[in-house]
A.B. asks: 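Quick one: structure below, then a few questions.
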There are 2 protein chains.
Amino acid sequence: MFSPVSPVRAYERVVEQIEAAVFGGQLPPGSHLPSERDLMTQFGVSRSTVREALRVLQSNGMIQSRAGDPRGPLVLAASPVALHKSMTRLARTSSMSLGELLQFRMLLEGSAYLLAAQLHTASQLAEISAALDTMTTATDYTAFSDADVAFHDAVARATQNTMIIVCSTVVRGVVLDLIEDHLAHATDRQALMTRYLKHHTEVLEALRARNGSLASQLARRALYDSYASYLPEADRAMLTPLLEN
Amino acid sequence: MFSPVSPVRAYERVVEQIEAAVFGGQLPPGSHLPSERDLMTQFGVSRSTVREALRVLQSNGMIQSRAGDPRGPLVLAASPVALHKSMTRLARTSSMSLGELLQFRMLLEGSAYLLAAQLHTASQLAEISAALDTMTTATDYTAFSDADVAFHDAVARATQNTMIIVCSTVVRGVVLDLIEDHLAHATDRQALMTRYLKHHTEVLEALRARNGSLASQLARRALYDSYASYLPEADRAMLTPLLEN
DNA sequence: CAGTATTTGTCCGTATGTATC
DNA sequence: GGATACATACGGACAAATACT
């Protein structure tokens, strides 16, 4: 008959009302909220309460307030940074095994290359190709690694899918964090780089030919070849189903 | 040579330090932060600053503070609610289209069925089968819908991959939120249910036969058949590349 | 270009309801 | 049940930062 209730803080209701106004279109991106003093009179709460609500909205990427701006906090356009943050926290704190992350990365990048092969525009392909050129001419390892990141980012962007872009960057970052110790002590860095270059050249060819299934398969195979060695023997079986076709 | 700087507020550095402690494992889920008064002495800031930092952490789902608890704010385990919130926000401000979400869901579930077909155990298969039985005998639509959710959840769990489980649940929830208006006015609910049952029965057969590529293809085709009609004509082209093979 | 007014950032003090021991 | 410590919320205050005249 009755349902349990939880106390709703004052600042939460302030957040709700401002959120509703933003979602409802009364506060479009680029517009400004009233000043903190105006808000405390409109909501009938103290300034501390208003400020706590504004901090929450700011951490969610909805507004941005600058000291001294008489126009009030600025309403920002929606951006995937909050999505990126929450996903990173989830990936880092859920204590996921490296095998799970690699599995997810293989299916993500596999699908990304499949889509990119069929949907890419000329400029996006040029961007990917430019990243590969930078990798080829890179002298030190950090420059090579940065260009490698740019290559994968460009492919993800070519899919035009926000979720793929965000998930790819997050998962790649967490994976690299987990194995950076191994990479730092890698002695055969030169062999690694040449293998990467070969893989990337092949997959770029497949993209250019708009051969989605080939690009996807090459990408998954490359990931397996590059990272499976960091995995316990038993965990590699969870990746092999993704290598087929 | 120089990069632009932005003033770092005091509360942000408090957030950063607490976040680092949680990520680093010094503050595992279930443990407690020092009280607000302790925190203000440790960080050397005022009460308001500490509180604004705690509000940000609370809105991100990392901590929970209750009035009067002498143990201090509770550190929560990672949960996908923040992910759900940020995704919903992006979708509602139409900076992420329904097409993108469906595209992502198709590749996610497609891979999930592929993995589940090859990795599932007997008990997991029984769980999936039980959900389908519940769907078959369901009388009202809500019971049918709940069993449908249970079916998909059981498949996701069979992959043993946390990222797949979390992302599938969140994306499915956001998609359903977006089209619930259309569903509420659906007149051909009975036809919908029979079609769902047919699809689920077929895919369960593929799972049982450990035919991963068939299960994957059936799942993607079912998603397209069920949801493509809610999409603008032009957006459907972004889904068709995922139907092949 | 400088001055002024306003706003935010931060601090302190206080009262009240609440959870734990 | 009482004592204690806590979070919540309020109000006032000052300095730094910004926009506008």
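Letters A, B, ... mirror the listed sequences (proteins, then strands); counts begin at 1.
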A.B. asks: Does a salt bridge link Arg89(A) with Glu19(B), judged by any charged N lying under 4.0 Å from a carboxylate O?
C.D. replies: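 Counted as a salt bridge, because a side-chain N and a carboxylate O are separated by less than 4.0 Å.
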A.B. asks: If you measure from the Lys or Arg side-chain nitrogens to the Asp or Glu carboxylate oxygens, is any gap between Arg157(B) and Glu127(B) under 4.0 Å?
C.D. replies: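 Yes, this pair counts.
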A.B. asks: If you go through the side-chain atoms of Arg51(B), does one of them form a donor-acceptor pair with the base of dT10(C) closer than 3.5 Å?
C.D. replies: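 When only heavy-atom distances are counted, Arg51(B) does not reach the base of dT10(C) through any donor-acceptor pair under 3.5 Å.
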A.B. asks: Where the side chain of Ser65(A) is concerned, which of dA9(D), dA7(D), dG9(C) is the nearest nucleotide?
C.D. replies: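 In terms of side-chain proximity for Ser65(A), the closest of dA9(D), dA7(D), dG9(C) is dG9(C).
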A.B. asks: When you measure only distances, ignoring hydrogens and angles, does the side chain of Arg55(A) come within 3.5 Å of the base of dG9(C) through a donor and an acceptor?
C.D. replies: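 Counting by modelled atom types and ignoring angles, no donor-acceptor contact under 3.5 Å is found here.
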A.B. asks: In whole Å, I'd like the distance from the OH atom of Tyr11(B) to the P atom of dC11(C).
C.D. replies: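 Distance check: Tyr11(B) OH to dC11(C) P gives 14 Å.
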A.B. asks: Side chain of Pro70(A) only, heavy atoms from C-beta on: which candidate in dT7(C), dC10(D), dC11(C) is closest?
C.D. replies: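 The nucleotide sitting nearest to the side chain is dT7(C).
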A.B. asks: Between Arg92(A) and Asp177(A) (salt bridge meaning N to carboxylate O under 4.0 Å), is one present in this structure?
C.D. replies: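 Salt bridge between Arg92(A) and Asp177(A), a charged N being under 4.0 Å from a carboxylate O: yes.
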A.B. asks: Using whole Å, what does the distance between atom C1' of nucleotide dG9(C) and atom CG of Asp69(A) come to?
C.D. replies: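 Roughly 14 Å, once rounded to whole Å.
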A.B. asks: Where the side chain of Ser48(B) is concerned, which of dA19(D), dC12(C), dT7(C) is the nearest nucleotide?
C.D. replies: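 Closest nucleotide among those given: dC12(C).
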A.B. asks: Specify the separation, in whole Å, of atom CD of Glu36(A) and atom C1' of dC10(D).
C.D. replies: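 Nearest whole value for this atom pair: 15 Å.
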A.B. asks: Above 12 or not: heavy atoms from other molecules or residues under 6.0 Å from CZ of Arg13(B)?
C.D. replies: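 No.
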A.B. asks: Tell me: CZ of Arg71(B) to C1' of dT4(D), nearest whole Å?
C.D. replies: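 Whole-Å distance recorded here is 15 Å.
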A.B. asks: Round to a whole Å and report the spacing from CG of Asp38(A) to P of dT8(C).
C.D. replies: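 In whole Å, dT8(C) P and Asp38(A) CG are 9 Å from each other.
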A.B. asks: Between dT18(C) atom P and Leu74(B) atom CG, what is the distance in whole Å?
C.D. replies: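 The answer, rounded to whole Å, is 20 Å.
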A.B. asks: Please confirm whether the shortest side-chain N or O distance from Thr49(B) to OP1 or OP2 of dC11(C) is below 4.0 Å.
C.D. replies: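 Result: yes.
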A.B. asks: Just checking, is any N or O donor in the side chain of His200(B) or Asp148(B) under 3.5 Å from an acceptor N or O on the other one?
C.D. replies: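 Side chains of His200(B) and Asp148(B): pair found under 3.5 Å.
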A.B. asks: Please figure out whether Arg37(B) or Gly68(A) has its closest DNA chain D nucleotide nearer the 5' end.
C.D. replies: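 Mapping each residue to its closest nucleotide by heavy atoms, the 5'-most match is Arg37(B).
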A.B. asks: In whole angstrom, what separates Arg47(A)'s CZ from dT7(C)'s P?
C.D. replies: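 From Arg47(A) CZ to dT7(C) P: 10 Å.
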A.B. asks: Which of the following nucleotides, dA7(D), dT7(C), dT10(C), is nearest to the side chain of Ser35(A)?
C.D. replies: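 Of all the options, the side chain of Ser35(A) is nearest to dT7(C).
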A.B. asks: Go nucleotide by nucleotide along DNA chain C from the 5' end; which of Arg9(B) and Arg66(B) gets its closest nucleotide reached first?
C.D. replies: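 The answer here is Arg9(B).
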A.B. asks: How long is the line joining NE2 of His32(A) and P of dT6(C), in whole Å?
C.D. replies: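 Distance check: His32(A) NE2 to dT6(C) P gives 18 Å.
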